[in-house]
2 protein chains.
Amino acid sequence: MLNNIDQRILEVLLKDSRISLKELAQQVGLSSPSISERLHRLEERGVIRAFSIEIDPQALGYQLQAIVRIRPLPGKLHIVQKLIEETPEFCECDKVTGDDCFIVRLFVRSIEQLDQIIDRIADKAETSTAIVKAQPIKRRPPPFGIA
Amino acid sequence: MLNNIDQRILEVLLKDSRISLKELAQQVGLSSPSISERLHRLEERGVIRAFSIEIDPQALGYQLQAIVRIRPLPGKLHIVQKLIEETPEFCECDKVTGDDCFIVRLFVRSIEQLDQIIDRIADKAETSTAIVKAQPIKRRPPPFGIA
DNA sequence: AGTGAAAGAATCACAAC
DNA sequence: GTTGTGATTCTTTCACT
């Protein structure tokens, strides 16, 4: 799927996407133009979805993080989904199989804010809230070495 | 917490972290040197945790995504956590309050692989697996406009 | 926070393997 | 088909305002 050079490019860019092509080229042992072409190909193929930044919620005052399972009441699915999408504190939302229709990640500045936000969907869905105590894996891409 | 200029810098960089300082400066209406200084301050303050890339798991052949709730059996907590960390297909892991000790995100190439990976922890923990059908919110930072 | 000069990097056309 | 070379253009950075 990906050769060794592409893998190393991805590894370097995951740590620092603003690195210059020149330095990236040196780290993987090729010239800048060839790295440039590989980069564009990785973008075209969709392997690199975006060059972005990671923002630290804590640095913005979000002291609490929760994962909430949401089971909309009959007929309320679309209203609930809309409410989730329009509440910016919900930062991840997965529609899943099984009892829980949505599993969402919520950032809040306080328990009071958590309560407020959950309350707003309380009449449209059943919810189970789990406060995040630690993050053994904060976020990483799936392996691209194999295949 | 953040002034308007910093907010706009973050917005632009979220979409493209490889943008040149010059263009970034034009988009927010300041000169390159002042943008450069603001960038460094945002990094030092920890607001920008990293300049990185988003890799698309689908482009790497991961057709399935699951969210798994994991309740280790008595005495098995640390073994289970280690197993999760060492299995690279687990790409997110939150240790949470409540019955479910861990909530993890799992990328796999097939149902067979999903079964294999879940089986490896089946004798050490109870698990509930929910297949991701859609992602109404793929991932976004919490609001930095307010406060 | 802006200006201008010097250093450095990206990109393009083209050559080589 | 992919990689390297060198010229041109653009960007970053630094001293100074």
Answer with base, sugar-phosphate or nothing: what part of the nucleic acid does A/Glu37 contact at a heavy-atom distance below 4.0 Å? base
May I ask you to say whether A/Arg105 pairs ionically with B/Glu92, meaning some side-chain N is under 4.0 Å from a carboxylate O? yes
Give a yes or no on whether a salt bridge exists between A/Lys82 and A/Glu86, defined as a side-chain N under 4.0 angstrom from a carboxylate O. yes
How close or far is atom C1' of C/dA1 from atom CD1 of B/Ile35, stated in whole angstroms? 10 Å
D/dT2 P sits how many Å from A/Ile5 CD1, rounded? 11 Å
At 4.0 Å (heavy atoms only), tell me whether B/Arg38 reaches a base, stays on the sugar-phosphate, or touches nothing. sugar-phosphate
For A/Asp6, is there an ion pair with A/Arg38 - N to carboxylate O distance below 4.0 angstrom? yes
Presence of salt bridge, B/Arg69 and A/Asp100, under 4.0 angstrom: yes
Which protein N or O atoms sit under 3.5 Å from an N or O of nucleotides 10-17 of chain D?
| residue | atom | partner | partner atom | Å |
| --- | --- | --- | --- | --- |
| D/dT11 | OP2 | B/Lys22 | NZ | 2.8 |
| D/dT12 | OP1 | B/Leu21 | N | 2.7 |
| D/dT12 | OP2 | B/Leu21 | N | 2.8 |
| D/dT12 | OP2 | B/Lys22 | N | 2.8 |

Rounded to whole Å, CG of A/Leu24 lies from P of C/dG8 at a distance of 19 Å
Filter on side-chain hydrogen bond (donor to acceptor under 3.5 Å, both in side chains), then keep only pairs touching residues 9-30 of chain A, sequence neighbours left out; what's left? A/Ser17-B/Ser17
Under 4.0 Å, heavy atoms only, any strand: does A/Ser34 hit a base, just the sugar-phosphate, or nothing? sugar-phosphate
State whether a side-chain donor-acceptor pair under 3.5 Å links B/Gln65 with B/Gln135. yes
